[in-house]
There are 2 protein chains.
Amino acid sequence: MDKDVCQTTCVNQQKVERALQLLPEQEILLGATEIFKMLADPNRLRLLHALSQEELCVCDLAALVDVTDSAVSHQLRLLRTARLVKSRREGKMVYYQLDDEHVESLLQEGLRHAEEG
Amino acid sequence: MDKDVCQTTCVNQQKVERALQLLPEQEILLGATEIFKMLADPNRLRLLHALSQEELCVCDLAALVDVTDSAVSHQLRLLRTARLVKSRREGKMVYYQLDDEHVESLLQEGLRHAEEG
DNA sequence: ACCTCATCTGAATGATTGTTCAGATGTTAT
DNA sequence: ATAACATCTGAACAATCATTCAGATGAGGT
């Protein structure tokens with residue numbers, strides 16, 4: 001049951017192929033998806049917003065979003081893996097800061113968008 | 001078990017309160033989250049990218065991302081509810097186009113980000 | 001009226017996700 | 001070394017999500 005063959009009725013093959021060609025490469029598209037996924041959670045958004053202003057340690061961040069240390073730690077790991085934040089150890093504590101300049105503009109633009117809509 | 005009280009040990013209350021005050025209003029923050037959620041799926045990203053170039057009908061879009069008409073319809077409903085796309089009926093077919101200019105810049109910025117990372 | 005085609009809807013399913021709990025790791029101080 | 005504290009990890013759970021299937025809606029043509 002190949003869909004490209006079955007629905008030859010209304011599909012405008014030309015348009016579709018044009019759109020397909022202009023589509024970004026799989027890798028880049030998936031990369032963008034991952035970044036947007038990271039931004040698609042209220043608490044992560046709060047964390048990133050706070051970190052866009054100053055470095056904070058794990059328990060500061062936990063207090064900020066009012067969840068367990070464990071929960072923030074999990075989230076920070078995601079953000080770290082996605083290279084949106086980086087960490088720095090100082091004694092017992094670990095301080096986090098933004099790793100990526102671009103993220104801040106994405107964040108701002110998303111917020112601006114939400115203000116207007 | 002209030003976390004703000006328990007962990008008075010390492011939490012820098014000043015920093016936290018400052019960050020809390022600067023945090024965008026709940027409503028805006030959740031709004032931004034919703035927009036990012038819409039962008040956090042490869043197929044929706046493909047759909048939006050294609051629509052950023054020209055109007056397309058449902059079955060074109062289904063062919064583009066190679067899923068059922070039903071699946072695209074569900075996704076388009078999400079995008080419509082989020083006001084990212086709008087639809088126009090022409091005979092039996094329904095054509096979709098971007099509803100929001102800002103989305104395109106978010107999309108582009110996300111992709112640019114993914115290219116560099 | 002009927003039939004066909006394009007799109008939509010609702011229920012069901014499997015996959016992913018955010019959180020918590022309990023316990024592990026690593027650091028500092030005594 | 002032992003204790004105390006900050007952070008991390010893994011398992012478990014509920015919630016959310018993307019897809020499909022089957023059937024509904026709505027428009028055109030005969």
Side-chain angles (χ1 to χ4, degrees), chain A residues 1-3 6-13 15-16 30 33-48 55-82 85-97, chain B residues 1-3 6-12 15-16 30 33-34 36-48 55-82 85-97:
Chain A
M1 243 76 103
D2 192 80
K3 289 155 209 89
C6 289
Q7 324 169 313
T8 325
T9 347
C10 78
V11 174
N12 188 327
Q13 205 66 31
K15 284 189 177 183
V16 173
L30 293 180
T33 306
E34 288 311 306
I35 295 166
F36 286 129
K37 258 188 199 154
M38 287 302 108
L39 297 168
D41 175 81
N43 275 349
R44 279 196 299 268
L45 232 49
R46 282 184 253 262
L47 296 177
L48 291 171
E55 188 181 61
L56 291 165
C57 75
V58 176
C59 62
D60 287 344
L61 294 166
L64 181 76
V65 301
D66 194 27
V67 294
T68 318
D69 293 351
S70 179
V72 203
S73 195
H74 280 299
Q75 298 290 17
L76 289 169
R77 190 160 67 88
L78 291 178
L79 293 172
R80 217 178 331 122
T81 315
V85 303
K86 59 184 171 189
S87 59
R88 174 178 76 80
R89 170 147 238 149
E90 187 175 320
K92 285 185 248 178
M93 288 145 94
V94 177
Y95 287 92
Y96 280 82
Q97 54 186 277
Chain B
M1 262 34 126
D2 194 80
K3 290 157 209 87
C6 289
Q7 324 168 313
T8 325
T9 347
C10 78
V11 173
N12 188 327
K15 284 188 177 182
V16 173
L30 294 180
T33 308
E34 287 311 306
F36 286 129
K37 257 188 201 152
M38 287 302 108
L39 297 168
D41 176 81
N43 275 348
R44 279 196 299 267
L45 233 48
R46 282 184 255 261
L47 297 177
L48 292 170
E55 188 181 59
L56 291 165
C57 76
V58 176
C59 62
D60 288 344
L61 294 166
L64 180 76
V65 301
D66 193 27
V67 292
T68 318
D69 293 351
S70 179
V72 202
S73 195
H74 281 300
Q75 297 291 15
L76 289 170
R77 190 159 66 88
L78 291 178
L79 293 172
R80 216 177 333 121
T81 315
V85 303
K86 59 183 171 189
S87 60
R88 174 177 78 78
R89 171 148 236 149
E90 188 176 320
K92 285 186 248 177
M93 288 145 94
V94 176
Y95 287 93
Y96 280 82
Q97 55 187 275

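First the proteins, then the strands, lettered A, B, ... as listed; each starts at 1.
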Every protein N/O within reach of nucleotides 13-19 of chain C N/O, cut-off under 3.5 Å:
residue, atom, partner, partner atom, Å
C:dG18, OP1, A:Arg44, NH1, 3.1
C:dG18, OP1, A:Arg44, NH2, 2.8
C:dG18, OP2, A:Arg44, NH1, 3.4
C:dT19, OP1, A:Asn43, ND2, 2.7
C:dT19, OP2, A:Gln75, NE2, 2.5

Which protein N or O atoms sit under 3.5 Å from an N or O of nucleotides 2-8 of chain C?
residue, atom, partner, partner atom, Å
C:dA6, OP1, A:Cys10, N, 3.2
C:dT7, OP1, B:Val58, N, 3.2
C:dT7, OP1, B:Val94, N, 3.3
C:dT7, OP2, B:Cys59, N, 3.1
C:dC8, OP1, B:Tyr96, OH, 2.7
C:dC8, OP2, B:Ser73, OG, 3.0
C:dC8, O5', B:Ser73, OG, 3.4

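Checked against side chain to side chain donor-acceptor pair (under 3.5 Å), B:Arg88 has the following partners two or more places apart in sequence or in another chain: B:Glu55, B:Glu90.
Residue A:Leu79 forms a side-chain contact (heavy atoms from CB on, under 4.5 Å) with just one option from A:Arg44, A:Lys86, A:His74, and that option is A:Arg44.
In this structure, a donor-acceptor pair under 3.5 Å is present between the side chains of B:Arg80 and B:Tyr96.
Counting heavy atoms from C-beta outward, A:Leu48 and A:Val85 have side chains that approach closer than 4.5 Å. Counting heavy atoms from C-beta outward, A:Gln75 and A:Asp41 have side chains that approach closer than 4.5 Å. By the 4.5 Å heavy-atom criterion applied to side chains, B:Pro42 and B:Leu45 are not counted as neighbours.
When the C1' atom of D:dC17 is taken as reference, atom CZ of A:Phe36 falls 19 Å away, rounded to whole Å. Atom pair A:Arg88:CZ and C:dT27:P shows a separation of 15 Å (rounding to whole Å applied).
Listed for the A:Asp60 side chain is a donor-acceptor partner under 3.5 Å among the backbone atoms of B:Asn12. Side-chain atoms of B:Ser73 never come within 3.5 Å of backbone atoms of B:Asp69 as a donor-acceptor pair (strictly under, hydrogens ignored).
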